[in-house]
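Below you'll find the structure, written out as structure tokens, and then a few comments.
Throughout, a chain's letter reflects where its sequence line sits, starting with A, and its residues are numbered from 1. Scope of the values below: all heavy atoms of this structure, side chains included, with no hydrogens, waters or symmetry mates.
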Amino acid sequence: MQVYNDLTRKKEKLTPLKDNHFTIYVCGPTVYDLFHLGNARPFIVYDTLRRYLLYKGYDVTYVQNFTDIDDKMINRASAREISVKELAEEMIAEYYYDADRLNVMRADNHPRATESIAEIIDMIQILEEKGYTYTLDDGVYYDTSKFEDYGKLSGRNLEEQEVGASARVDLEIAKRNISDFVLWKYKKDDEPSWDSPWGEGRPGWHIECSAMSKKYLGDTIDIHAGGMDLIFPHHENEIAQSEAANEKQFVRYWMHNGFINVDNVKMAKSGGNFFLVRELAKEYGYDVIRFFMLQAHYRMPINFESEPLIAASNGWQRIKSCISNVKFLLSHEDDHSSSEHSQALAKYTTEAVQEFERAMDDDLNTSDAFAAIFNLVRQVNSYTAEYDLPKETLINAADTIVKLCSILGLDPEDDQDEEIPADVMEKVELRNEAKENRDFALADQLRDEILEQGYRIEDTAQGPKVIKEEK
RNA sequence: GGCACCAUAGCCAAGUGGUAAGGCCGAGGUCUGCAAAACCUCUAUUCUCCAGUUCGAAUCUGGAUGGUGCCUCCA
């Protein structure tokens, strides 16, 4: 498998540092509010990477943090007149509510900044001993000019920053370099704070990821991932901290996903142009959101609109119907013997797996992976319509579709095993009798009644199939 | 000012040197009592534009146009 590494700006063969075991750190949410569609992209994308690596037989240790102390946390808690701690607890629970339903596997560790203060202080102390820090009135700072490789990830250098720091940035005169950043912020007012060698205060944003990554995954990790906007300064600063402190390469592969846009502008809380996953899920369902997200390649921008979301819903339904139809067929048909047709379908099934893997192996090309699934769906639909096939072949094809979907974190069998209510089934029976008596007026009336109760009838060669209508 | 990114059919979206995947929508057909589902056919001689390299370019090079992101919190 190869993957685009932002550090080298090219696709590289992806191999674990140790044995068969990948270590992955994904920058998690600041838990001050529900997350929106843009926030959800890295959760879904890197969860898919994790699932694929597991499918390929690797072990994966996956860490995703919660940032539970920063200005936004403090401001929101203050506005709601609750403690920062209470806010964090609430929003972490809300995170799990949405993430679980998006089928994002829980990380092996979900460390919180406030529970990693000791490790954070340790790392700052090491940086201080090595001469990378200096102190200003409001906190302890990292001197980026002391770190030779500063800018290697984002392709910037200090000189350009000085020159370019024009209109938008208020130069903080006190900092030695424009790119210097705070490691430890001194306590102000009644902000939450912890004791440290530098006095009461709280950690800066960047140091938490360096400290927690080291704590759970070691000095050098395989993959570190997050949104494009984290490349600078967040990840650049993490490199500066970790490599200065540990004197080892921090991350072997840096992966960054593109943004979700609205009217071609980045979706952001601060921009006010955001859609909460919680809200979208009410209308479209969590599975459709995930499907929608993975239809595009993870590094490409996605312009969020309702039309493509509806298209995603219909496309996903096509896969679900295929599985549902096969299951119906299997439970209503006798077995058949092997034939040239069943062998052909078996061949398509094998090929679909190969196409899927080829796509995923190429920098997680989920668009092509879906194409492989859809091609198999078409073959299954086509062959089941035309020929009598042995059950083994059908089961294998359907299981393959389900399996490939599951690698993408999608379950086409979800919600398909619900019992049909007895009164609906009675009407289905009555309609069947009416049809046999060629009383089509009655049959159609019953079908309408059934539809009003939320169920749709599809007449198949094996008899009526009753389907619960999606919303 | 610096550093990046994007531009493919009505819509979404892969493909990055060998003659345009896939999904949605739409049209026609098959099946059906009628539907639904499904299948078949059709839907970009062409990839924002202009030059160039090449036997060959959506894919490489140069330029133009339009749009976006980061440099401040940010997925």
*Taking for each residue the nucleotide of RNA chain B bearing the nearest heavy atom, is the 5' side occupied by Ser154(A) or by Asp229(A)?*
Ser154(A)

*Should the pair Arg76(A) and Tyr32(A) be classed as cation-pi, given the thresholds of under 6.0 Å to the six-membered ring centre and 45° from the axis?*
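No, a cation-pi geometry is absent between Arg76(A) and Tyr32(A).
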
*Strictly below 4.0 Å, heavy-atom distances to any atom of RNA chain B: list the hits from residues 254-263 of chain A, or just say none.*
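Within residues 254-263 of chain A, the residues near RNA chain B are Asn257(A), Gly258(A), Phe259(A), Ile260(A).
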
Can you tell me how far [atom2] of [N] sits from [atom1] of [X], to the nearest Å?
{"X": "Leu153(A)", "N": "A4(B)", "atom1": "CG", "atom2": "P", "value": "13 Å"}
{"X": "Met228(A)", "N": "C71(B)", "atom1": "CE", "atom2": "C1'", "value": "13 Å"}
{"X": "Asn381(A)", "N": "G22(B)", "atom1": "CG", "atom2": "C1'", "value": "15 Å"}
{"X": "Ile302(A)", "N": "G69(B)", "atom1": "CD1", "atom2": "P", "value": "16 Å"}

*Phe328(A): partners by ring pair (Phe, Tyr, Trp, His ring centres under 6.0 Å), with sequence neighbours left out*: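 Only His332(A) meet the ring pair (Phe, Tyr, Trp, His ring centres under 6.0 Å) criterion with Phe328(A).
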
*Check ring pair (Phe, Tyr, Trp, His ring centres under 6.0 Å) between Tyr96(A) and all other residues, then give those that pass, not counting sequence neighbours.*
Phe66(A), His110(A)

Can you tell me how the ring of [X] sits relative to the ring of [Y], calling it parallel under 30°, perpendicular over 60° and tilted otherwise?
{"X": "Phe147(A)", "Y": "Tyr142(A)", "answer": "perpendicular"}
{"X": "Tyr97(A)", "Y": "Tyr286(A)", "answer": "perpendicular"}
{"X": "Tyr383(A)", "Y": "Tyr387(A)", "answer": "tilted"}

*asked:* Could you check whether Asp368(A) pairs with Arg358(A) (Lys NZ or Arg NE/NH1/NH2 to Asp/Glu carboxylate O, under 4.0 Å)?
replied: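 Not counted as a salt bridge, because no side-chain N and carboxylate O are separated by less than 4.0 Å.
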
*In the 5'-to-3' direction, what one-character label does each nucleotide of nucleotides 23-31 of chain B receive under the scheme B = base within less than 4.0 Å of a protein heavy atom, S = sugar-phosphate only, - = no such atom?*
SSS------

Can you name the residues that form a side chain to side chain donor-acceptor pair (under 3.5 Å) with [X], not counting sequence neighbours?
{"X": "Asn257(A)", "value": "Tyr46(A)"}
{"X": "Arg80(A)", "value": "Glu90(A)"}
{"X": "Gln453(A)", "value": "none"}
{"X": "Glu355(A)", "value": "none"}

Remember a base hit wins even if backbone is also touched, and classify [X] as base, sugar-phosphate or nothing at under 4.0 Å, heavy atoms.
{"X": "Lys266(A)", "answer": "base"}
{"X": "Ala296(A)", "answer": "sugar-phosphate"}
{"X": "Val265(A)", "answer": "sugar-phosphate"}
{"X": "Asp368(A)", "answer": "base"}
{"X": "Met300(A)", "answer": "sugar-phosphate"}
{"X": "Gly38(A)", "answer": "base"}
{"X": "Arg9(A)", "answer": "sugar-phosphate"}
{"X": "Asn39(A)", "answer": "base"}
{"X": "Ser313(A)", "answer": "nothing"}

Give every pair of a protein N or O atom and an N or O atom of nucleotides 58-61 of chain B that lie under 3.5 Å apart, one pair per line with the distance.
none

_Applying ring-ring contact (aromatic ring centres under 6.0 Å, His included) as the test, list every pair that has at least one member in residues 288-312 of chain A; sequence neighbours left out._
Phe275(A)-Phe304(A), Phe291(A)-Trp316(A), Phe291(A)-Phe370(A)

Under 3.5 Å, N/O pairs linking protein and nucleotides 32-36 of chain B:
unit_1 : atom_1 : unit_2    : atom_2 : d
G33(B) : O6     : Arg431(A) : NH2    : 3.4
G33(B) : N1     : Asp444(A) : OD1    : 2.9
G33(B) : N2     : Asp444(A) : OD1    : 3.4
G33(B) : N2     : Asp444(A) : OD2    : 2.6
C34(B) : O2     : Arg447(A) : NH2    : 2.6
C34(B) : N3     : Arg447(A) : NH1    : 2.9
C34(B) : N3     : Arg447(A) : NH2    : 3.4
C34(B) : N4     : Asp459(A) : OD2    : 3.1
A35(B) : N6     : Asp459(A) : O      : 3.4
A35(B) : N1     : Asp459(A) : N      : 3.1
A35(B) : N3     : Arg447(A) : NH1    : 3.2
A36(B) : O2'    : Arg456(A) : NE     : 3.1
A36(B) : N1     : Asp459(A) : O      : 3.2

*What pairs with Leu442(A) under side chain to side chain contact (heavy atoms under 4.5 Å, CB included), at least two apart in sequence or on another chain?*
Ala434(A), Asp439(A), Gln445(A), Leu446(A)

*C71(B), C39(B), C6(B): which one has an atom nearest the side-chain heavy atoms of Pro301(A)?*
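For Pro301(A), the side-chain atoms sit closest to C6(B).
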
